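None of these values were measured; they are calculated from a predicted model.
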Amino acid sequence: MPFVRYFSNMERQILFLFLFCLTSVSFGQSFKQYEKKGNEAYDAGDHYKASKYFKKALELKKLDTETYFKYATSLRLFNDYKNAATAYKELLRLDNYRKYPSAEYWLGIMNKYTGNYDIAYRHLSNFSGRYELRNLFAKSARHEIENIEQIEELLADTADVGIEHLNRKVNTKWSDFAATSMGDSMLQISSLRPDKKDSLSDNNLFRSRFYAYEKRKKSWDYSADFFSALNDLGKDVANGTFGPDGEEFYFTVCDENEFGEIHCKIFKTYYRNKRWDKPRELAINLPCCTSTHPSIERNGDDPATLYFASDRAGSVGGMDIWYSVEDKNGNFTVANNLGEQINTIGDEITPFYDIENQNLVFSSNWHMNLGGYDIFYSQIDGEKWSEPINLGVPFNTSYNDIYFSVDKGGMSGYLSSNRPGSFFLKGETCCNDVYSWKLPFDSTLIEEPPTDTGLTALIDSFQKDTAGYSIFPTDTPLIAVTDTQTTITSTPTTKQPIIPEKPSNTIPDDPDAPDDNINRMKTLLPVTLYFHNDEPECCTMKETTNIDYKTSYQDYASRMPEYIKQYSKLFSDKEQAKSEMEAFFETEVDKGMIDLIRFSSLLQAELESGKKISVTIEGYCSPLAVNPYNINLAKRRIVSLKDYFNKFRKGIFKGYLASGQLIIEEKPFGEERADSAVSDDPSDVVNSIYHIEAALERKVEIIAVDVRK
């Protein structure tokens with residue numbers, strides 16, 4: 001069993017949206033009554049309803065951490081990432097790592113899902129700095145940290161593509177997904193809707209069915225009878241795909257067993273002479289597991305290949321992409337895992353074989369992504385699949401982007417998303433809608449993003465979240481995530497990740513300037529990086545260290561509660577002290593790390609262009625120790641930054657440092673540069689260690705970058 005599984009029951013997420021089967025929450029009840037009803041809804045998987053009851057309970061008993069944990073978790077599983085982040089932040093404040101240490105992990109993830117990458121980076125770094133790598137959450141947190149360090153590259157990889165949010169004739173306030181074309185003028189989708197239109201009765205059941213639409217005068221009209229025979233099977237049907245001949249049709253049938261577990265199987269039928277044949281279950285299905293999201297590849301007379309998603313034994317993670325090759329009798333009997341190049345310890349879902357471009361397209365929540373599920377593609381070379389490539393913006397957002405499909409001709413298609421802009425009844429990012437995409441696109445309709453893509457410059461409109469992970473922690477149960485819909489904006493001008501203009505002190509871009517990235521690097525200077533007292537490697541006269549700056553930063557970030565506690569001793573107004581220290585960590589410590597990532601990315605680009613570059617680093621200390629000791633400490637701090645460069649992106653700078661193409665000039669200082677007003681009394685730890693003025697002295701700075709001839 002894999003230790004990470006973002007969605008413990010994928011089909012409950014994709015097909016069953018019980019969160020809308022609600023009644024209004026009554027008032028005038030006690031904390032225990034609200035808590036009981038919240039727990040009942042929580043256990044039933046109705047996380048929207050549970051969140052409402054838990055919220056009412058917390059209005060009566062604000063300090064109950066167990067209820068806060070369930071409240072935050074319900075919001076997360078309902079895909080209400082923004083409010084979930086607020087709830088996890090309050091839980092972290094109340095609990096302070098005692099009973100629910102995962103609160104800061106989830107706080108980081110929720111900020112990542114809403115596009116607040118710099119805040120996410122701080123919390124994930126803080127969390128991972130507290131635990132060894134063997135901690136399951138810490139392993140995931142460090143993976144997410146590496147992901148965020150490369151977000152700028154993903155955001156910069158934009159495509160000229162038109163994204164259109166289909167209107168209310170196709171999309172509903174429920175869940176609409178898995179759209180594919182049927183010829184030139186027909187569209188079929190899957191949708192999870194209530195049996196009784198607009199009913200919110202607790203007894204109301206939701207069912208997934210197929211819906212067909214015909215294009216008439218640039219508008220979609222519903223074709224009521226096309227899928228009636230399949231919809232009348234009495235089960236949930238979804239994820240349909242036609243074969244290349246336009247007659248064979250593969251789809252998923254899902255049913256719930258006596259234990260409330262949902263298993264899905266793949267069926268095949270034919271549409272011939274305006275009639276559906278009796279569906280036939282494929283032999284690759286297993287009674288223990290889910291098989292879903294079929295996609296067929298058939299080239300000429302060659303045997304067909306069926307790609308699908310499954311959580312069966314042999315999967316690398318939770319849901320994996322599997323395939324089966326048609327035998328001589330036309331049956332799919334043996335399933336094979338697509339391998340670790342495609343599949344990860346997370347989830348890979350919704351495969352689509354793009355016959356036009358010979359690509360396998362799928363969604364993953366583990367490969368390097370913008371937030372939740374991103375869309376990737378891979379090509380096969382002989383028997384080996386290429387490394388998956390993120391499809392980039394605007395296909396992907398910080399929300400969930402899934403069910404990618406391609407029309408005949410390869411220039412247009414569909415996808416599903418829960419990004420803001422989708423129609424909803426309860427919760428802005430609760431549910432999927434169908435979006436179309438088209439190439440080429442009139443570039444004048446897209447606001448050209450500035451070339452500076454700093455993490456801290458992301459605007460609020462680009463927010464992201466993939467429904468909550470389900471890890472196997474000690475303080476959280478395995479929970480099935482509710483329907484994660486991803487919403488793609490109706491036009492790339494309004495909801496796509498547009499980076500704000502650079503500050504006024506930025507050197508203007510000159511398209512003819514060969515050293516444009518050098519200019520951008522210089523606008524970041526000085527890049528100031530801070531350390532805890534006597535770190536790295538305290539109490540030694542060594543001039544070197546094996547602790548790189550990223551590790552040192554993570555340790556420092558994890559100490560913020562300690563700094564707040566000590567610094568508050570100097571104030572009668574504890575909240576003021578807390579606010580000042582939080583501001584220091586956010587605007588100085590965290591900003592330094594983010595600036596370092598940006599600087600390093602630009603440095604890599606310039607080195608790859610062949611330039612020889614020198615970087616000047618100065619090291620500083622507070623006046624707490626004697627000067628000879630402080631000079632060696634400053635040297636260790638510079639070495640820690642050099643070690644960071646050595647490890648950046650799997651050692652990309654090592655060769656440049658060894659060849660002399662990258663030169664690092666070091667200038668260590670002792671206490672001679674320190675502010676004389678800072679305490680040097682070792683017995684006065686509050687002022688000499690935990691005071692902001694003292695903290696500002698413990699640093700290294702990148703002060704210069706130059707091109708050498």
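- No donor-acceptor pair under 3.5 Å is formed between the side chain of E348 and the backbone N or O of A309.
- Using a 4.5 Å heavy-atom cutoff, the side chains of Y373 and D401 are not in contact.
- A donor-acceptor pair under 3.5 Å is absent between the side-chain atoms of T252 and the main chain of N239, judged by distance alone.
- Relative to the six-membered ring of Y71, R76 misses at least one condition, a distance below 6.0 Å or an angle of at most 45° to the axis.
- Separation of the F404 and F395 ring centroids falls under the 6.0 Å cut-off.
- Salt bridge present: R298 and E248 bring a charged side-chain N and a carboxylate O closer than 4.0 Å.
- A side-chain donor-acceptor contact under 3.5 Å links S310 to the backbone of T290.
- Two rings, from W322 and Y307, have their centers 6.0 Å or more apart.
- Remark: aromatic rings of W106 and H123 are distant, center separation not under 6.0 Å.
- For the pair K70 and Y42, the cation-pi criterion (under 6.0 Å, within 45° of the ring axis) is fulfilled.
- The residue from N390, N365, N369 that alone fulfils the side-chain hydrogen bond (donor to acceptor under 3.5 Å, both in side chains) condition with D374 is N390.
- A donor-acceptor contact shorter than 3.5 Å links the side chain of N285 to the backbone of I266.
- Formation of a donor-acceptor pair under 3.5 Å by the R209 side chain with backbone atoms of K235 is not found in this model.
- Side chain to side chain, S386 and S378 meet the donor-acceptor criterion of an N or O pair below 3.5 Å.
- Side chains of S191 and D176: a donor-acceptor N/O pair is present below 3.5 angstrom, by distance only.
- Not a single donor-acceptor pair under 3.5 Å links the side chain of Q358 to the backbone N or O of D354.
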> How far apart are the C-alpha atoms of W276 and Y271, what are their side-chain angles, what is the distance that settles it, and do they pass the side-chain contact (heavy atoms from CB on, under 4.5 Å) test?
Replying inline: CA-CA 5 Å; W276 290 101; Y271 186 74; 3.4 Å; yes
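- For F227 and F249, the ring centers sit closer than 6.0 Å to each other.
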>> With side-chain contact (heavy atoms from CB on, under 4.5 Å) as the criterion, how do N231 and F210 come out once you've worked through the C-alpha distance, each side chain's angles and the decisive distance to 0.1 Å?
In response: CA-CA 7 Å; N231 290 334; F210 293 117; 3.8 Å; yes
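- When atom types are taken as modelled, the side chain of S436 and the backbone of Y414 share no donor-acceptor pair closer than 3.5 angstrom.
- Not one N or O on the side chain of N147 forms a donor-acceptor pair closer than 3.5 Å with the backbone of H143.
- A distance-only check finds a donor-acceptor pair linking the side chain of H367 to the backbone of I342 [under 3.5 Å].
- Taking the six-membered ring for Trp and the full ring otherwise, the centers of H293 and Y403 sit less than 6.0 Å from each other.
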